[in-house]
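These notes are about the structure you will find just below.
Residue numbering restarts at 1 for every chain, and letters A, B, ... go by the order of the sequence lines.
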Number of protein chains: 2
Amino acid sequence: MNIDETDKKILKELQKDARKSYRKIAEQTDISEGTAYNRIKKMQQNKIIQGYTPDIDYQKLGYDLTTIIGITGEGSQLQDLEQEIAENPHVTAVYDVTGQYDAITIAKFQNRKQLNQFIKQILKRKDVKKTYTMLTLNTIKEKHQIKL
Amino acid sequence: MNIDETDKKILKELQKDARKSYRKIAEQTDISEGTAYNRIKKMQQNKIIQGYTPDIDYQKLGYDLTTIIGITGEGSQLQDLEQEIAENPHVTAVYDVTGQYDAITIAKFQNRKQLNQFIKQILKRKDVKKTYTMLTLNTIKEKHQIKL
DNA sequence: AATGAAACCGTGGGCTG
DNA sequence: CAGCCCACGGTTTCATT
């Protein structure tokens, strides 16, 4: 599917506020509301828009510990492990990476005990050689959008 | 502000679909729609809900290069730099961290040239000693939610 | 926290270029 | 075919209780 300038404008409006009404999106992109509706629907069908997420301040909910964990594997395949990690409720991201580590995961915890359990769970696996945990001292930015 | 079980249920519904109507949220949490509306408004005022973001497949928009970059500083303060990085349109996250690096940033690019420019911009600064760039080969998960 | 009423909006059909 | 316009039922919003 090809995205044109109108689609981009629509996405930008949604980035500003994903709960914005079709009508307002239409006004701000100089199209009719039916068109806004149809284009958004199409982008959802094409999985360009995969859903809508509330930006929650997890710190206010007690998740004070954000961690970035590098994982070094033993041997070849980490896919199973990555899948398992991805399903853990504390995890927000899992990447296969080049360089120093084989995988990087980002996870949020309410306390060190939860973090500990998580790391132990990873280290239990035979395909994991070691992990390296970085604690975030301060989150300067964490908004899962890039400028279009 | 204190979050009770009802608020949590509301947040869970929004996590499933942040465009869900107040009415449906109310139905699924066994409260009236006015209550759903009032509670969500309160959580917005208290900045527990900071906004709503569309989950966009940036790869489909040409952003094929997701990078995790570790930054090592020279001397003391990296705050200015971090602020500057956070404002770059390619950047989705910036963290101050313990350990091997002083800061970690996550950024998405359409090509290596964009990445290169970004790294050069960082390295130009006197307060930066070095950077370490990890390219993601595969994104297993990147959903900026944790299970409540 | 619930009610209810007015304003606002989503959704689909039919029309137009 | 994509976009526009319209209409109706559904939804948001907020003052009131």
Side-chain angles (χ1 to χ4, degrees), chain A residues 1-63 143-148, chain B residues 1-64 110 143-148:
Chain A
M1 185 201 176
N2 248 21
I3 290 296
D4 66 11
E5 279 310 308
T6 303
D7 291 322
K8 256 194 193 172
K9 275 197 220 162
I10 292 171
L11 290 175
K12 279 185 198 174
E13 289 306 317
L14 285 173
Q15 282 185 330
K16 285 184 207 158
D17 176 8
R19 272 185 86 85
K20 191 171 282 187
S21 69
Y22 294 116
R23 206 155 287 190
K24 282 198 183 126
I25 292 166
E27 277 169 29
Q28 273 145 350
T29 51
D30 299 309
I31 54 178
S32 74
E33 67 191 79
T35 303
Y37 175 76
N38 286 327
R39 281 179 176 252
I40 288 172
K41 208 171 177 191
K42 196 157 46 155
M43 287 194 278
Q44 284 170 343
Q45 278 160 3
N46 291 320
K47 304 276 165 69
I48 286 167
I49 299 173
Q50 301 177 320
Y52 304 94
T53 303
D55 303 333
I56 295 172
D57 186 337
Y58 288 103
Q59 248 177 275
K60 291 212 171 78
L61 301 185
Y63 291 85
K143 189 169 175 55
H144 303 292
Q145 285 185 188
I146 55 179
K147 210 184 153 211
L148 291 180
Chain B
M1 185 203 179
N2 247 21
I3 290 295
D4 66 11
E5 280 310 308
T6 303
D7 292 322
K8 258 197 193 170
K9 276 197 219 162
I10 291 171
L11 290 176
K12 280 185 197 173
E13 289 305 316
L14 286 173
Q15 283 186 329
K16 286 185 205 158
D17 176 8
R19 274 185 85 85
K20 191 171 280 186
S21 70
Y22 294 115
R23 193 164 290 191
K24 284 203 181 119
I25 292 166
E27 278 170 27
Q28 274 145 351
T29 52
D30 300 308
I31 53 178
S32 74
E33 73 192 64
T35 303
Y37 173 79
N38 286 329
R39 280 174 178 256
I40 287 172
K41 204 166 181 202
K42 194 155 51 147
M43 288 194 278
Q44 285 170 344
Q45 279 161 2
N46 291 321
K47 302 277 164 69
I48 287 166
I49 297 173
Q50 301 176 322
Y52 304 94
T53 303
D55 303 333
I56 294 173
D57 186 339
Y58 288 103
Q59 250 179 271
K60 291 211 172 76
L61 300 185
Y63 291 85
D64 276 320
Q110 289 175 305
K143 187 167 175 59
H144 302 291
Q145 284 185 187
I146 55 179
K147 210 182 152 212
L148 292 178

Given dT13(D), dG10(C), dG3(D), identify the nucleotide with an atom nearest to the side chain of Tyr22(B). dT13(D)
Would you say dG3(D) has OP1 or OP2 under 4.0 Å from some side-chain N or O of Thr35(A)? no
Given 3.5 Å as the limit, does a donor-acceptor pair link the side chain of Arg19(B) with the main chain of Ser21(A), or not? no
Of the nucleotides dG12(C), dA2(D), dG10(C), which has the atom closest to the Arg39(A) side chain? dA2(D)
Proximal nucleotide (of dG3(D), dT11(C), dC14(D)) relative to the Tyr37(A) side chain: dT11(C)
How many Å lie between CG on Asn38(A) and P on dC5(D), as a whole number? 14 Å
Taking N and O atoms by type only, does the side chain of Arg23(A) place a donor or acceptor under 3.5 Å from a partner on the base of dG10(C)? yes
Taking only the side-chain nitrogens and oxygens of Lys24(B), find out if one of them lies under 4.0 Å from OP1 or OP2 of dG10(D). no
Write down the distance between CG (Asn46(A)) and P (dA2(D)), rounded to a whole number of angstrom. 11 Å
Protein-nucleotide distance (Arg19(A), atom CZ; dC9(C), atom C1'), rounded to Å: 12 Å
Gap between atoms CD1 and P, on Ile40(A) and dG12(C) respectively (whole Å): 14 Å
Going by the angle between their ring planes, with limits at 30° and 60°, are His144(A) and His144(B) parallel, tilted or perpendicular? parallel
Between dC9(C) atom C1' and Glu13(A) atom CD, what is the distance in whole Å? 17 Å
Asp4(A) CG to dG3(D) C1': how many Å, rounded? 12 Å
Ile31(A) side chain, from C-beta outward: closest of dC4(D), dC9(C), dC14(D): dC4(D)
Distance in angstrom units between Ile25(A) CD1 and dC4(D) P, rounded: 15 Å
I want to verify a distance call: between dT12(D), dC5(D), dT11(C), whose nearest atom is closest to the Ser32(A) side chain? dC5(D)
Quick check against the 3.5 Å criterion: does Gln145(B) have a side-chain atom that pairs as donor or acceptor with the backbone of Ile56(A)? no
Side chain of Asn46(B), backbone of Ile48(B): donor and acceptor closer than 3.5 Å? no
Can you measure Asp30(A) atom CG to dG3(D) atom C1' for me and round it to whole angstrom units? 14 Å
Just to confirm, is there a sub-4.0 Å distance from OP1 or OP2 of dC9(C) to any side-chain nitrogen or oxygen of Lys20(A)? no
Qualifying residue, where the test is side-chain contact (heavy atoms from CB on, under 4.5 Å) with Lys9(A) and the options are Ile31(A), Thr29(A), Leu148(A): Thr29(A)
